[in-house]
Amino acid sequence: IKKRMLSLLLTLCMVIGLMPSTIFASGSAKETAVAVPSEALVIESGTYYGISKTWFAENNPSKETMSLSVKIPDNVITIAKDGFIDSYTSAKKSKGAVTYNDNLGRYNIVNLDFSEASSLTAIGEQAAMRCPVEGVLDLSNTKVETIGKNAFKECTGITGVILPSTLKNIPFFDVFKE
């Protein structure tokens, strides 16, 4: 019986050793994400461009990759091209939104909340491309008419999508493809 117990114990240790360590992690990235305050969102004339370079620098002194949670306020009408990613665009640079070129670290948006975005009518191309957004993408409280190409491409953490009845233009296979 001692040999069987030892054999079972060794087998259990081997199985646990082969499991990825992330299986034992508690909480999701969504739970540990830093909530970006509305005053740190770069919004001009109803267009959301990204995260304020000043806010990001102050909240990321170690210049690491941060997981962020963003709630879109109701004064946003349009999400700019690349709005939720830290890629470089001339519009982001001119508006003071952080990009990877600023050498301030990187960010990933893991939670997008559109519950108060009642004025939102358009989401630009590549808006959240490759963002590790988790859960259901709920646009039901918006007035979105257009979603740009590759807007949510490779957002593999999205488990469902709720679209508004106002939607008129969506290149569907190019919006959510992996």
Side-chain angles (χ1 to χ4, degrees), residues 29-30 32-134 137-139 141-158 161 163-164 166-172 174-177:
K30 202 177 214 179
T32 59
V34 174
V36 180
S38 59
E39 59 272 8
L41 303 177
V42 178
I43 302 167
E44 189 174 301
S45 300
T47 300
Y48 168 88
Y49 291 95
I51 310 296
S52 161
K53 190 184 304 188
T54 304
W55 180 88
F56 190 76
E58 290 171 2
N59 289 276
N60 192 22
S62 59
K63 299 182 179 183
E64 296 179 6
T65 299
M66 292 180 70
S67 292
L68 302 177
S69 176
V70 173
K71 186 173 199 165
I72 303 302
D74 95 352
N75 65 329
V76 173
I77 299 166
T78 304
I79 305 296
K81 179 181 188 273
D82 295 354
F84 296 122
I85 54 181
D86 62 2
S87 63
Y88 174 86
T89 68
S90 58
K92 284 182 157 197
K93 180 180 179 183
S94 70
K95 307 297 182 193
V98 69
T99 72
Y100 61 81
N101 281 353
D102 298 317
N103 296 317
L104 298 172
R106 305 287 309 258
Y107 67 80
N108 290 313
I109 295 182
V110 297
N111 183 31
L112 278 173
D113 183 348
F114 292 96
S115 63
E116 294 180 6
S118 59
S119 299
L120 185 65
T121 61
I123 299 174
E125 290 183 10
Q126 302 173 182
M129 190 166 83
R130 295 187 192 99
C131 284
V133 177
E134 297 178 356
L137 180 66
D138 186 353
L139 299 172
N141 290 331
T142 71
K143 296 176 185 167
V144 168
E145 295 178 3
T146 303
I147 300 177
K149 185 175 181 179
N150 298 324
F152 298 98
K153 178 181 179 182
E154 297 177 25
C155 294
T156 57
I158 293 175
V161 179
L163 299 171
T166 54
L167 190 62
K168 295 177 184 175
N169 184 9
I170 180 171
F172 194 79
D174 288 333
V175 171
F176 297 102
K177 70 181 180 182

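Starting from 1, each residue takes its place in the sequence as its number. Values below: all heavy atoms of this structure, side chains included; hydrogens, waters and symmetry mates excluded.
- Judged purely by distance below 3.5 Å, without hydrogens or angles, the side chains of Asp82 and Thr89 never pair a donor atom with an acceptor atom.
- Between Leu139 and Ile123, the closest side-chain pair of non-hydrogen atoms falls below 4.5 Å.
- For the pair Ser115 and Lys71, the tightest heavy-atom approach, listed with the atom from each and the gap, is OG-CE, 3.7 Å.
- Ile85 approaches Met129 most closely through the heavy-atom pair CG2-O, 3.2 Å.
- Contact of the Ile147 side chain with the Leu167 side chain is registered, since non-hydrogen atoms from C-beta on lie closer than 4.5 Å.
- With values rounded to the nearest 0.5 angstrom, Cys131 atom SG is found 11.5 Å from Asn111 atom CG.
- When all heavy atoms of Ala127 and Ile79 are compared, the closest pair comes out as CB-CG2, 4.0 Å.
- The two residues Phe56 and Tyr107 come nearest to each other via the heavy atoms CE1-CB, 3.7 Å.
- Between the side chains of Asn101 and Thr99, no donor N or O sits under 3.5 Å from an acceptor N or O.
- Taken to the nearest 0.5 Å, the OG1 atom of Thr121 stands 10.0 Å off from the NZ atom of Lys168.
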I'd like a table of donor-acceptor pairs (distance under 3.5 Å, sequence neighbours excluded) in which one partner is a side-chain atom from residues 34-49, with atom names and distances.
from  : atom 1 : to    : atom 2 : distance (Å)
Glu44 : OE2    : Lys95 : NZ     : 2.8

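- Put simply, CD on Glu134 and CG on Leu112 are 11.0 Å apart, with the number rounded to the nearest 0.5 Å.
- Across all their heavy atoms, Ala33 and Val110 have their closest contact at CB-CG2, 3.5 Å.
- Inter-residue side-chain proximity for Val76 and Phe114 is flagged as unmet; no heavy-atom pair is nearer than 4.5 Å.
- Contact annotation: the side chain of Ile51 approaches that of Val70 to within less than 4.5 Å [non-hydrogen atoms, C-beta and beyond].
- Side-chain N or O atoms of Ser119 include none that pairs as donor or acceptor with a backbone N or O of Asn75 at under 3.5 Å.
- Salt-bridge annotation for Glu125 and Lys149: absent, with no side-chain N of the basic residue lying under 4.0 Å from a carboxylate O of the acidic one.
- A distance-only check finds a donor-acceptor pair linking the side chain of Asn59 to the backbone of Trp55 [under 3.5 Å].
- In this structure, CG in Leu120 is found 9.0 Å from OG1 in Thr166, a value given to the nearest 0.5 Å.
- Put simply, the side chain of Asn108 never gets that close to the backbone of Pro132: no donor and acceptor are under 3.5 Å apart.
- The shortest non-hydrogen separation linking Ala97 to Gly50 is CB-CA, 4.2 Å.
- Residue Leu104 holds its CG atom at 11.5 Å from CE of Met66, rounded to the nearest 0.5 Å.
- In this structure, Asp74 CG and Thr142 OG1 are separated by 12.0 Å, a value rounded to the nearest 0.5 Å.
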